[in-house]
Amino acid sequence: MANTDPRVDAYITKSAEFARPILRHLRQLVHKACPAATETVKWGMPFFEYSGGLLCNMASFKQHCSFGFWNASLLQDPAAVLQVKNRTSMGHFERITSLKDLPADKTVLALIREASKLNEQGIRKPAANKEPKAVPPMPPALSTALKKNKKAKANFDQMPPSHRREYIEWIVEAKTDPTRDKRTATTVEWAAEGKSRNWQYKKC
């Protein structure tokens, strides 16, 4: 096959015995439906790219394989074989344990060809538009403690919402009053120094 990657060969060879024929078959279908597709490895698993974008990917696990389309939500799926929502595993054909679990070859080939056309046309799935979480109400004890330390309060008020949220959630999640009091005092101390909640884990 043209446009293959030796890393994909190695991936298939290292996969469990049951997974090898599944991965080889899926690989053949991709190259049959889209001869110009190229192989690569991303996030530790085989991916297929075409026309400047990701096309699909496959992976093997201890007891099953998976196969997914990068733009699955945009595919027509006339045979209704794709699990785009409410999936129980990675991929869009659910858990594949044998070749019998795969849809008919003509169905898979049609989906790959449709996905290829989307890439050719530059159509991509919309980026996730996640609204930032709101900052929870400040605990009264923290509000009082910050008012007693002007520097800490000034720094805390100027922190990004995510940093303030991390501190507040840390305090609220305390299971005992002593722990809550200790976290409140630590928050004021670190805020006075201009530190975020997880400053010790961040590289300088």
Side-chain angles (χ1 to χ4, degrees), residues 7 11 14-15 40-49 52-75 77 82-96 115 118-119 122-204:
R7 294 176 297 172
Y11 183 94
K14 293 179 181 178
S15 296
T40 186
V41 173
K42 293 180 179 291
W43 303 293
M45 66 188 76
F47 269 80
F48 300 89
E49 298 178 316
L54 295 176
L55 183 64
C56 51
N57 74 285
M58 60 185 187
S60 67
F61 304 93
K62 290 183 178 180
Q63 298 181 336
H64 73 281
C65 294
S66 70
F67 184 79
F69 292 92
W70 195 248
N71 289 314
S73 61
L74 302 179
L75 299 177
D77 187 24
L82 296 178
Q83 293 290 330
V84 179
K85 297 181 179 180
N86 302 319
R87 287 181 288 165
T88 60
S89 65
M90 187 176 74
H92 298 108
F93 292 152
E94 287 293 358
R95 294 172 179 268
I96 307 168
L118 291 177
N119 279 24
I123 299 174
R124 302 283 188 270
K125 61 181 179 182
N129 185 19
K130 296 183 179 179
E131 295 184 2
K133 292 183 179 179
V135 178
M138 186 180 297
L142 176 59
S143 178
T144 299
L146 287 172
K147 287 179 181 178
K148 294 179 181 180
N149 189 318
K150 293 183 179 180
K151 186 175 182 180
K153 186 178 187 310
N155 288 343
F156 190 88
D157 291 343
Q158 292 177 2
M159 286 182 182
S162 60
H163 288 183
R164 284 182 279 136
R165 185 178 67 248
E166 288 172 353
Y167 270 126
I168 293 174
E169 290 178 345
W170 184 48
I171 293 171
V172 172
E173 290 169 358
K175 296 181 179 180
T176 65
D177 289 340
T179 300
R180 189 174 300 109
D181 292 342
K182 184 177 180 179
R183 291 183 179 181
T184 298
T186 300
T187 297
V188 174
E189 177 186 346
W190 287 353
E193 297 173 2
K195 295 177 178 178
S196 65
R197 159 76 178 86
N198 297 304
W199 64 270
Q200 65 269 48
Y201 303 114
K202 297 181 179 180
K203 295 181 180 180
C204 298

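These figures come from a predicted structure and were not determined experimentally.
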(message) Using side-chain heavy atoms (C-beta onward) and a distance below 4.5 Å, is V188 in contact with K148?
(response) no
(message) In the structure I gave you, are the side-chain heavy atoms of D77 and H92 within less than 4.5 Å of one another anywhere?
(response) no
(request) Starting from the C-alpha separation in whole Å, work towards a yes-or-no answer on side chain to side chain contact (heavy atoms under 4.5 Å, CB included) for K150 and K153. (result) CA-CA 5 Å; K150 293 183 179 180; K153 186 178 187 310; 5.8 Å; no
(message) How close do F156 and R164 get, counting heavy atoms only, and between which atoms?
(response) O-CD, 3.2 Å
(message) Within the structure provided, determine whether M58 and C65 are in side-chain contact (heavy-atom separation under 4.5 Å).
(response) no
(message) Quick check: closest heavy atoms across A192 and K151, and the distance to 0.1 Å?
(response) O-CE, 3.2 Å
(message) Give me the atom names and distance for the closest heavy-atom approach of P136 to E169.
(response) CG-CG, 4.1 Å
(message) Please give me the minimum heavy-atom distance between G44 and Y11, naming the atom from each residue.
(response) O-CE1, 3.2 Å
(message) What's the separation between atom OH in Y167 and atom OG in S196, rounded to the nearest 0.5 Å?
(response) 6.0 Å
(message) Test side chain to side chain contact (heavy atoms under 4.5 Å, CB included) on R7 and T40; report intermediate values, then the result.
(response) CA-CA 8 Å; R7 294 176 297 172; T40 186; 3.4 Å; yes
(request) With sequence neighbours excluded, tell me which residues meet salt bridge (charged side-chain N to carboxylate O under 4.0 Å, His left out) with E193. (result) K195
(request) Scan L74, N57, L54, L82 and name whichever one has a side chain to side chain contact (heavy atoms under 4.5 Å, CB included) with F69. (result) L82
(message) How long is the straight-line distance from OG of S66 back to CZ of F93, given to the nearest 0.5 Å?
(response) 10.5 Å
(request) Hey, could you give me the CD1/OG1 distance between I171 and T179, rounded to the nearest 0.5 Å? (result) 12.0 Å
(message) Is any side-chain heavy atom of D177 closer than 4.5 Å to one of R180?
(response) yes
(message) Quick check for you: to the nearest 0.5 Å, what is the distance between N149 atom CG and T187 atom OG1?
(response) 12.0 Å
(message) Using side chain to side chain contact (heavy atoms under 4.5 Å, CB included), reason through T144 and K147 one step at a time and then give a plain yes or no.
(response) CA-CA 5 Å; T144 299; K147 287 179 181 178; 5.8 Å; no
(request) Apply the test side chain to side chain contact (heavy atoms under 4.5 Å, CB included) to residues N119 and W70: give CA-CA distance (whole Å), side-chain angles for both, the deciding distance (0.1 Å), then the verdict. (result) CA-CA 10 Å; N119 279 24; W70 195 248; over 6 Å; no
(request) Would you mind reporting whether L142 and I168 have side-chain heavy atoms less than 4.5 Å apart? (result) yes
(message) Testing the basics here: between V172 and P139, what is the closest heavy-atom pair and its distance to 0.1 Å?
(response) CG2-CG, 4.0 Å
(request) Check whether any side-chain heavy atom of E166 sits under 4.5 Å from a side-chain heavy atom of M159, and report yes or no. (result) no
(message) So I96 and F67, do their side chains get closer than 4.5 Å, heavy atoms only?
(response) yes
